[in-house]
Protein chains: 2
Amino acid sequence: MHADKVFKALGDPTRRKLLDLLCEKNGQTLGELCENLDMARQSATQHLGILEEANLVSTVRRGREKLHFINPVPLHEVYERWVRKFERQRLSLLHDLKKELEGG
Amino acid sequence: MHADKVFKALGDPTRRKLLDLLCEKNGQTLGELCENLDMARQSATQHLGILEEANLVSTVRRGREKLHFINPVPLHEVYERWVRKFERQRLSLLHDLKKELEGG
DNA sequence: TTGACATGCAGGTATTCGCCTGCATATTAT
DNA sequence: ATAATATGCAGGCGAATACCTGCATGTCAA
């Protein structure tokens, strides 16, 4: 898993919106997704390409259309291998901070 | 909470490394952190500034030193408000994808 | 007070990013 | 076959990013 690509992909509001749109209705075409985006089709294509590079979206061609599906695996892995690490220490980290801010 | 700043901050390997370093030993000075980074001090300062902007790190001045502490709250919020949404649908999303890839 | 140390600030540069326009290709419908 | 539709590809452009160097400021210790 490439944490870098995943985090970079998530670091843009348009791409997070695309994931949201696919979460509401999985398997949408490029055209369908574009209708909700307010930018040129080509820009959306680029964003979807980045999501695909990060393996957050997988595509299937059907005739002249391209269907887009969320792949939840990388997000899960990012959570498991990265976020949980800090989650485990969350309270003690918060304690460090609070103590120091109080002038400890 | 600003998901955008948080995700953008996490979208760089140096900044994730800084968080890792602070996770091992919270409250380090700029100089201490730099020793583990292999880049100019000023570059590290910029990265720490971005982490601070995203509220992922809080700092306290002590004399001529600046101490850096992890703030786990934004990461927790990003998880709660953003990642969990996909986590909830994880299995059904995986099902969609698998089914389509099989030619369903 | 003076020198060493820790950090701050200004600016410069090459690369990447996010957006665009214009044109090409592939598929479906008439 | 032809026209409409859905997507792909190439290139341009301004802004942001990630790095740097050089110098200034503030703090501690002798």
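Residue numbers start from 1 in every chain, and the chains themselves are labelled A, B, ... in the order their sequence lines are given, proteins ahead of strands. The figures that follow rest on heavy atoms only: side chains count, while hydrogens, waters and symmetry mates do not. The shown structure was predicted, so the numbers you read here are calculated from the model rather than taken from an experiment.
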Asks: How close or far is atom P of C:dG8 from atom CG of B:Leu33, stated in whole angstroms?
Replies: 12 Å
Asks: What nitrogen or oxygen pairs link the protein and nucleotides 4-8 of chain D at under 3.5 Å?
Replies:
residue : atom : partner : partner atom : Å
D:dT5   : O2   : A:Arg64 : NH1          : 3.0
D:dT7   : OP1  : A:Leu30 : N            : 3.2
D:dT7   : OP1  : A:Lys66 : N            : 3.3
D:dT7   : OP2  : A:Gly31 : N            : 2.8
D:dT7   : O4   : A:Arg41 : NH2          : 3.4
D:dG8   : OP1  : A:Lys66 : NZ           : 3.2
D:dG8   : N7   : A:Arg41 : NH1          : 3.1
D:dG8   : O6   : A:Arg41 : NH2          : 2.9

Asks: Send over the distance from A:Glu53 CD to C:dG18 P, rounded to a whole Å.
Replies: 14 Å
Asks: Distance check: side-chain N/O of A:Ser43 vs OP1/OP2 of C:dC20, anything under 4.0 Å?
Replies: yes
Asks: May I have the distance from A:Lys17 (atom NZ) to C:dG18 (atom P), rounded to whole angstrom?
Replies: 16 Å
Asks: Can you tell me the distance, in whole Å, between the CE atom of B:Met39 and the C1' atom of C:dA14?
Replies: 16 Å
Asks: Could you state the atom-to-atom distance from CG of A:Leu48 to P of C:dC19 in whole Å?
Replies: 12 Å
Asks: With a 4.0 Å cut-off, would you call A:Asp4 and A:Lys8 a salt bridge?
Replies: yes
Asks: Could you tell me whether a side-chain N or O of B:Asn36 sits under 3.5 Å from a main-chain N or O of B:Leu21, the two making a donor and an acceptor?
Replies: no
Asks: For D:dT17, does OP1 or OP2 lie under 4.0 Å from any side-chain N or O of B:His47?
Replies: no
Asks: Would you kindly give the CD1-to-C1' distance between B:Ile50 and D:dC19, to the nearest whole Å?
Replies: 12 Å
Asks: How about CD on B:Glu80, more than 12 heavy atoms from neighbouring residues, nucleotides or ligands closer than 6.0 Å, or not?
Replies: yes
Asks: For A:Lys8 and for A:Asp38, find the nucleotide of DNA chain C with the closest heavy atom, then tell me which residue's nucleotide is more 5'.
Replies: A:Lys8
Asks: Measure from CG on A:Leu37 to P on C:dC20 and round the result to the nearest Å.
Replies: 10 Å
Asks: Does any part of the side chain of A:Arg62, heavy atoms only, come nearer than 4.5 Å to the side chain of A:Glu65, both counted from C-beta?
Replies: yes
Asks: Quickly work out the B:Gln46 CD to D:dT21 C1' distance and round it to whole Å.
Replies: 13 Å
Asks: Working to the nearest 0.5 angstrom, can you tell me the gap between A:Leu30 CG and A:Leu37 CG?
Replies: 9.0 Å
Asks: Tell me whether the count of non-hydrogen atoms from other residues, nucleotides or ligands lying under 6.0 Å of CD in A:Gln42 goes above 12.
Replies: yes
Asks: Kindly state whether the ring of A:Tyr79 and the ring of B:Tyr79 have centres lying under 6.0 angstrom apart.
Replies: yes
Asks: Which part of the nucleic acid, if any, lies within reach of A:Arg62 when heavy atoms closer than 4.0 Å are counted: base, sugar-phosphate only, or nothing?
Replies: nothing
